[in-house]
Amino acid sequence: MAIVFLPLRRPIRIAACAVLPLLALAPCTWGQAGDRAGETQVSRVPAAMIPPAPALSPEQALKTFKVQDGFRIELVASEPLVQSPVAIQFGPDGRLWVLEMRGFMPNVDGEGEAAQVGRISVLEDTNGDGRMDKSTVFLDQLVLPRAFMLLRDGVLVAEPPMLWFHRDTNGDGVADTKTLVSDSYAVEANPLLGNRANLEHSANSLTWALDNWIYSANYNVRFRNTGGLWERGATVARGQWGLSQDDYGRLFYNSNSDQLRADVVPAEYLSRNPNFTSAQGANFRVGLTQDVWPGRMNPGVNRGYQAGQLRDDFTLATFTAACAPMIYRGNLFPAAYRGNAFLCEPAGNLVRRNVLVEKDGGITATMPYKDTEFLVSTDERFRPVNLATGPDGAMYVVDLYRGILQHRVYVTSYLREQILSRELQTPVNQGRIYRVVPATANVATAPRPNLTNAASADLVGQLSHANGWWRDTAQRLLVERADLSVLPALRKLAASGPSPLGQIHALWTLDGLGHSDPVTIVSALKSKDPQVRANAIRVSESLLKSRNAAPAMLATLLPLANDPDLNVQRQLAFSLSENDDRLPALASILFQYRENALVRDAVFTSLAGRELEMLERITGDAAWQVQGNPATDVLLQLSRAVFLEGNGARISRLLDLAARQTGGVAWRQLALLDGLAGDFSSVAPARGGAARAGAG
């Protein structure tokens with residue numbers, strides 16, 4: 001839950017999201033850090049054609065929106081109650097917490113941005129009219145805060161490069177203590193920022209995930225707090241600005257010019273095998289097209305002078321500040337919207353909707369509309385930078401509301417001229433929060449949740465709620481409370497609950513409490529829902545490491561190598577690592593899915609140091625005697641892994657194995673030798689891979 005302003009069209013090292021100010025319009029020779037050598041920055045939009053962009057009142061701004069049929073947008077909060085909001089989170093009691101980056105770009109040169117004016121406020125609707133009317137400042141004097149997350153009896157706050165845990169110990173609603181969690185919560189520094197982290201490429205969007213770890217966008221460390229102690233774990237750096245999970249804990253993110261990516265498998269598995277470092281499944285490209293369809297012309301984008309950045313009608317042609325993806329997991333929108341991916345494009349003043357389609361273990365985003373978006377505005381200062389699903393099931397839109405979107409480090413001369421000539425740098429410290437609801441819905445008077453004071457037994461019941469916000473919040477609170485009196489109820493729900501999602505959350509709650517047990521997992525493995533079975537396999541890994549529980553648990557898991565569902569077999573491939581007695585099951589999965597890289601690579605990650613044994617097994621299997629690219633690729637990659645292992649005796653065994661591949665299977669000999677030589681010309685390229693996003 002954090003917001004990140006990222007540059008437009010500047011190479012970055014990590015796939016993700018960009019959300020920084022991007023406004024400029026006109027040729028220029030003024031030296032800017034965002035300029036590129038040799039470029040001529042000539043405006044493509046005649047100044048006389050550019051409509052005015054005055055700062056509008058919230059009531060005026062509401063009239064500039066166009067939302068898809070069947071929905072309406074309504075104001076929840078605005079200045080002066082909230083200023084420069086970049087992230088929100090609903091607390092267990094239903095109050096709305098807001099992160100305000102009030103120091104962001106006070107002017108086009110960013111003068112004064114290091115002022116200690118950032119804050120976290122808590123908003124309330126005291127009269128039940130659906131609009132926030134009370135604000136309490138929980139924490140202030142922050143310098144460009146980027147992320148926050150409610151946790152235990154406090155708030156985790158990112159003020160890069162520092163990550164703090166703040167608490168209110170006397171109950172007055174104001175933070176009075178803080179503990180340092182990390183002093184390196186950032187990705188890169190920038191000489192123009194002194195000792196501070198690069199605003200556009202530092203960690204953000206603290207997110208409690210299904211597996212009870214706290215992940216961030218743009219950062220390769222995850223955290224969790226167990227019994228009051230902080231634990232760090234390695235993960236992959238993902239995205240630029242914004243992070244979200246779906247009902248099954250898969251993480252979604254993006255970069256400024258690459259609208260949607262995901263980890264279709266838990267990324268931590270993919271780095272386990274040092275002999276196989278190209279496993280697919282993380283950073284999977286979900287959004288294959290990058291076209292956008294704003295509701296107004298967009299001359300004020302950082303690279304608006306470049307050919308192709310704007311269409312002939314001067315609207316933004318492709319994503320340049322994509323950020324803050326959110327998987328809709330609420331229960332208020334029609335069923336067709338469940339699991340859809342929404343994301344922001346503040347440079348284009350719009351919110352995108354994607355329908356996600358799963359096939360062969362991957363996910364693809366499709367546009368449900370033609371040449372239009374879910375939500376657009378004709379107000380140039382509408383800057384949607386974050387989204388959230390509320391406890392009422394509505395979609396909340398965080399609007400930074402200002403003319404400048406691009407951070408000073410990447411502002412081009414063109415954009416600087418746009419800002420100054422059209423007076424876009426003032427006013428600052430406005431901001432709005434909107435709510436999108438079905439046209440006939442009335443959520444203003446919906447009862448406010450009170451999970452803070454709910455009995456633990458009641459929280460177990462909320463693990464099956466139709467709205468993901470309730471399930472996530474209940475799971476977090478149960479893990480934090482460590483109230484073991486609810487273990488019987490959790491085990492019953494996990495084993496045979498009527499809701500598959502409730503079963504999954506119960507499994508992970510038990511895992512978070514350190515009380516997963518074989519009986520419950522075995523029962524969950526019998527579920528008709530494949531995602532329940534897959535999650536039960538993953539949760540069973542703690543038992544597979546137990547000397548007492550491992551044999552029985554393994555005996556239960558091995559038959560699942562014949563499960564009819566790809567997700568189940570792929571998770572089994574990840575979980576069956578370490579021991580040779582698991583090779584037959586892994587070989588079975590490998591053969592069944594030899595044409596599917598996402599499953600095939602899952603097997604490879606589990607074979608560290610046992611690739612030769614797998615080769616000896618499959619070359620002795622008649623099923624592998626038919627030549628074809630998938631089989632060739634498998635042999636080649638396993639052979640290469642044996643070579644990278646660097647053990648002379650094992651390489652000699654591999655050469656002996658290759659020598660025996662003669663006659664009708666001579667093609668296998670070539671594949672094994674090509675692997676030793678490093679020839680991967682026959683291996684099909686992955687659809688995933690690192691995003692080549694641009695920023696600035």
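- Identified under the salt bridge (charged side-chain N to carboxylate O under 4.0 Å, His left out) test for residues 354-372, with sequence neighbours left out: Arg250-Glu358.
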Per-pair distances, 0.1 Å, donor-acceptor, side chain in residues 518-527, under 3.5 Å, sequence neighbours excluded:
residue, atom, partner, partner atom, Å
Thr520, OG1, Asp517, OD1, 2.7
Thr520, OG1, Asp517, OD2, 3.0
Ser523, OG, Val519, O, 3.1
Ser527, OG, Asp529, N, 3.0

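- Applying the ring-ring contact (aromatic ring centres under 6.0 Å, His included) criterion to Tyr328, with sequence neighbours excluded, gives Phe333.
- Side-chain N/O atoms of Asn535 and Trp508 include a donor and acceptor closer than 3.5 Å.
- With hydrogens and angles disregarded, a donor-acceptor distance shorter than 3.5 Å links the side chain of Arg582 to the backbone of Ser577.
- There is no side-chain donor-acceptor pair under 3.5 Å between Tyr215 and Ser205.
- Remark: Arg352 pairs with Glu373 by the salt bridge (charged side-chain N to carboxylate O under 4.0 Å, His left out) rule, at least two apart or across chains.
- Residues satisfying the ring-ring contact (aromatic ring centres under 6.0 Å, His included) test with Phe591, not counting sequence neighbours, are Trp624.
- Considering only residues two or more places apart in sequence or on other chains, Arg617 meets the salt bridge (charged side-chain N to carboxylate O under 4.0 Å, His left out) condition with none of them.
- A donor-acceptor contact shorter than 3.5 Å is absent between the side chain of Gln245 and the backbone of Phe252.
- A distance-only check finds no donor-acceptor pair linking the side chain of Glu231 to the backbone of Asn225 [under 3.5 Å].
- Screening residues 635-676 for ring pair (Phe, Tyr, Trp, His ring centres under 6.0 Å), with sequence neighbours left out, gives no hits.
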Identify each donor-acceptor pair in which a side-chain atom of residues 601-611 lies under 3.5 Å from a protein atom, sequence neighbours left out, and give them as a table.
residue, atom, partner, partner atom, Å
Asp601, OD2, Gln280, N, 2.9
Thr605, OG1, Arg272, NH2, 2.9
Thr605, OG1, Ala602, O, 2.8
Ser606, OG, Arg272, NH2, 2.9
Ser606, OG, Ala573, O, 2.5
Ser606, OG, Phe574, O, 3.2
Arg610, NH1, Asn579, O, 2.5
Arg610, NH2, Ser606, O, 2.4
Glu611, OE1, Gly609, N, 3.1
Glu611, OE2, Asn273, ND2, 2.8

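- Defined by atom type and a distance below 3.5 Å, a donor-acceptor pair is present between the side-chain atoms of Asp263 and Tyr253.
- In this view, Phe342 and Phe374 satisfy the ring-ring contact (aromatic ring centres under 6.0 Å, His included) rule, not counting sequence neighbours.
- Side-chain atoms of Ser652 come within 3.5 Å of backbone N or O of Gly648 as a donor-acceptor pair.
- Each of Asp258, Leu343, Asp291, Thr289 was compared with Phe319 under the side-chain contact (heavy atoms from CB on, under 4.5 Å) criterion, and only Leu343 meets it.
- Applying the salt bridge (charged side-chain N to carboxylate O under 4.0 Å, His left out) criterion to Asp247, with sequence neighbours excluded, gives Arg329, Arg338, Arg471.
- In this structure Ala561 satisfies the side chain to side chain contact (heavy atoms under 4.5 Å, CB included) test together with Leu572, Ala585, Ser588, Ile589, sequence neighbours excluded.
- With Asn275 contributing its side chain and Arg640 its backbone, the two residues share no donor-acceptor pair below 3.5 Å.
- For the salt bridge (charged side-chain N to carboxylate O under 4.0 Å, His left out) test, no residue two or more places apart in sequence or in another chain qualifies with Asp621.
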